[in-house]
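Contents: one structure, followed by commentary.
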Amino acid sequence: METNTNSKKSIFSNLTFQIIIAMLLGALLGILIHKNYSVDEAKNFSDKIKMLATIFIRLVQMIIAPLVFTTLVVGIAKLGDAKSVGRIGGKALGWFFSASFVSLLIGMFWVNTLHPGVGLHLGDLDVSAASELTEKVEGFSAQNFVEHIIPKSIVESMANNEILQIVIFSIFFGLAAASIGENSKGVVNALDKTSHIILKMVNYVMKFAPIGVFGAIAGVFAIKDINELLLVYAKFFSSFLVGISSLWLFLLLIGFIFIKKQLFTLLKRIASPLIIAFGTTSSEAVFPKLTEELERFGIKDKIVSFMLPLGYSFNLDGSMMYMTFASIFIAQVYGVHLDFGTQMTMLLVLMLTSKGIAGVPRASLVVVAATCGMFKIPVEGIALILPIDHFCDMFRTATNVLGNSIATSVVGNWEKDS
């Protein structure tokens with residue numbers, strides 16, 4: 001009897017289990033509100049219940065900047081020299097750009113094979129919402145790209161959670177600390193202890209994850225008629241799921257090739273971060289927890305602290321797949337013919353432009369809008385995918401987390417043999 005009781009306790013105390021239950025309860029509550037209350041009342045409920053998700057995400061965001069800075073500086077200081085940093089950085093960027101390219105190709109392949117936009121006519125488009133996104137495209141340039149990479153103030157970068165900028169500053173700081181040897185030992189040790197305190201904070205914040213996921217899911221289902229949406233967008237959404245499933249198979253296969261049966265242990269470790277990312281549509285929401293779980297998986301802290309922040313800017317596999325898929329889908333709806341050469345050019349443009357807007361809300365849609373403008377596809381076509389975008393975002397966010405977890409694990413495994 002005692003064993004059964006302990007077993008039940010362990011099940012109900014499991015974060016993954018709690019989050020799944022929270023998602024189901026959130027969906028149920030949202031559906032009940034949607035069916036039994038007026039549009040205005042449901043919207044009011046949605047705005048209020050989503051505050052639970054906002055609180056959770058903001059709690060996580062307050063941890064990200066100090067966690068990235070402390071762990072990355074300590075990790076680089078432990079690596080010891082610029083040569084080691086360059087070696088790991090080279091492996092990381094090689095993996096990231098290869099994975100991004102394949103993700104874009106998968107999106108391009110399936111949208112051309114399944115033709116989800118051909119013959120589709122959608123009315124009642126929310127053009128006003130689309131105009132808000134297209135406004136963000138203005139100023140989308142090489143200067144914008146540089147500004148999102150190079151920090152002018154580390155305080156400003158931390159205040160805005162600009163992960164890539166924090167990474168740049170931390171690399172310089174870590175290399176400088178390593179170069180002066182013993183004189184920096186006190187600072188490095190202090191930052192090391194600070195990082196452990198922040199990771200302990202992660203445990204406290206994650207206890208709120210099921211409530212945050214519950215709020216996010218309930219808020220969406222309260223204002224969206226999922227049955228009607230899926231009926232109207234059946235071809236688009238089913239085609240997208242085929243593409244994202246193909247990408248998962250590719251990532252898992254590559255992961256298995258490099259880390260063998262350890263892949264199954266990795267998937268158990270990252271189950272909670274995957275579900276949180278899926279429920280909240282926020283990669284940031286799982287950054288601290290993912291850091292912790294990858295270290296528990298056995299990857300050295302210096303590798304995790306270096307790879308993950310870079311991955312969050314350069315390795316968004318799910319988003320990359322969606323960008324080609326959505327851009328060409330809009331072209332299909334409007335009857336804009338794009339030959340193979342043009343599509344490959346679009347793919348290469350997306351490889352570059354997608355790296356310049358890290359941290360921009362709904363970044364994938366902003367990039368899609370910018371790409372449509374470049375290739376003479378009606379930019380207002382972004383309104384075609386807005387109604388269903390949240391549900392696509394759930395899948396692409398979880399895919400981003402999976403891709404970064406596998407990339408970090410593979411590079412960590414390579415470094416064991418270095």
Side-chain angles (χ1 to χ4, degrees), residues 10 13-20 22 56-79 88 92 158 161 163 166-167 170 174 189-213 255 259 262-280 282-313 315 397-398 400-413 415-416:
S10 65
S13 64
N14 183 279
L15 182 63
T16 304
F17 178 80
Q18 291 173 6
I19 293 166
I20 292 172
F56 169 63
I57 292 171
R58 288 179 72 89
L59 284 172
V60 174
Q61 287 174 330
M62 79 176 180
I63 299 171
I64 291 174
L67 180 64
V68 171
F69 175 69
T70 55
T71 55
L72 187 50
V73 169
V74 171
I76 290 173
K78 286 179 180 177
L79 286 174
I88 298 171
M158 287 189 166
N161 267 341
I163 294 178
I166 298 170
V167 168
S170 301
N189 286 339
L191 290 174
D192 192 18
K193 290 183 172 70
T194 303
S195 70
H196 284 92
I197 293 171
I198 295 168
L199 285 171
K200 187 65 179 175
M201 288 173 66
V202 172
N203 293 328
Y204 300 146
V205 171
M206 283 300 130
K207 292 183 186 298
F208 197 74
I211 299 173
V213 170
I259 61 175
Q262 284 183 295
L263 177 66
F264 303 108
T265 306
L266 174 66
L267 292 175
K268 287 179 184 177
R269 279 284 172 203
I270 66 171
S272 291
L274 280 173
I275 296 170
I276 294 170
F278 182 82
T280 61
S282 171
S283 297
E284 280 189 340
V286 299
F287 183 93
K289 180 67 174 174
L290 194 59
T291 300
E292 188 178 52
E293 292 297 347
L294 289 173
E295 288 180 6
R296 285 180 178 174
F297 174 64
I299 307 169
K300 292 177 181 177
D301 55 357
K302 61 186 179 182
I303 304 295
V304 175
S305 61
F306 188 80
M307 287 289 297
L308 267 192
L310 279 180
Y312 265 55
S313 293
N315 192 44
T397 304
N400 293 341
V401 172
L402 176 71
N404 278 315
S405 300
I406 290 175
T408 304
S409 303
V410 170
V411 173
N413 199 50
E415 283 301 303
K416 284 180 184 176

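Worth knowing before you read on, the calculation uses all heavy atoms, side chains too, and leaves out hydrogens, waters and symmetry mates.
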Handout entry: V286 versus V401, closest heavy-atom pair with distance
Key = CG2-CG2, 3.7 Å
Handout entry: Flag side-chain contact, heavy atom, 4.5 Å: L199 against I63
Key = no
Practice task
Output all residues satisfying side chain to side chain contact (heavy atoms under 4.5 Å, CB included) with K200, sequence neighbours left out; order by chain, then residue number.
Solution key: N203, Y204
Fill in the blank from the handout: For F287, the ring pair (Phe, Tyr, Trp, His ring centres under 6.0 Å) test, sequence neighbours excluded, returns Y312
Completion exercise
Sequence neighbours excluded, the answer for side chain to side chain contact (heavy atoms under 4.5 Å, CB included) partners of D192 is V74, K78, S195, H196
Exercise for the section: State the CD1-CG distance between I64 and L67, to the nearest 0.5 angstrom. Expected result: 8.5 Å
Practice task
State, with a plain yes or no, whether a side-chain heavy atom of L290 is found less than 4.5 Å away from one of S405.
Solution key: yes
Between side-chain atoms of residues 302-310 and protein atoms elsewhere (two or more places apart, or another chain), which donor-acceptor pairs fall under 3.5 Å?
| residue | atom | partner | partner atom | Å |
| --- | --- | --- | --- | --- |
| S305 | OG | T71 | O | 3.0 |
| S305 | OG | D301 | O | 2.9 |
| S305 | OG | K302 | O | 3.2 |

Handout entry: Results of side-chain hydrogen bond (donor to acceptor under 3.5 Å, both in side chains) for Q61 - residues two or more places apart only
Key = E284
Please tabulate, one pair per line, all N/O donor-acceptor pairs under 3.5 Å involving side-chain atoms of residues 270-277, not counting sequence neighbours.
| residue | atom | partner | partner atom | Å |
| --- | --- | --- | --- | --- |
| S272 | OG | T16 | N | 3.4 |
| S272 | OG | T16 | OG1 | 2.5 |

Completion exercise
Rounding to 0.5 Å, atoms CD1 (I198) and CD (E292) come to a distance of 12.5 Å
Fill in the blank from the handout: Closest non-hydrogen atoms of F69 and S170, given as atom of the first, atom of the second and distance, are CD1-OG, 3.4 Å
Handout entry: Partners passing side-chain hydrogen bond (donor to acceptor under 3.5 Å, both in side chains) against T408 (at least two apart in sequence or in another chain)
Key = none
Completion exercise
The side chain to side chain contact (heavy atoms under 4.5 Å, CB included) partners of I211 (sequence neighbours excluded) come to L52, F208
Completion exercise
Hits for ring pair (Phe, Tyr, Trp, His ring centres under 6.0 Å) against F297, two or more places apart or cross-chain, chain-then-number order -> none
Handout entry: Under 3.5 Å donor-acceptor, N404 side chain and N400 backbone
Key = yes
Completion exercise
Residues at least two apart in sequence or cross-chain that pass salt bridge (charged side-chain N to carboxylate O under 4.0 Å, His left out) with E293, listed by chain then number, are R269, K289, R296
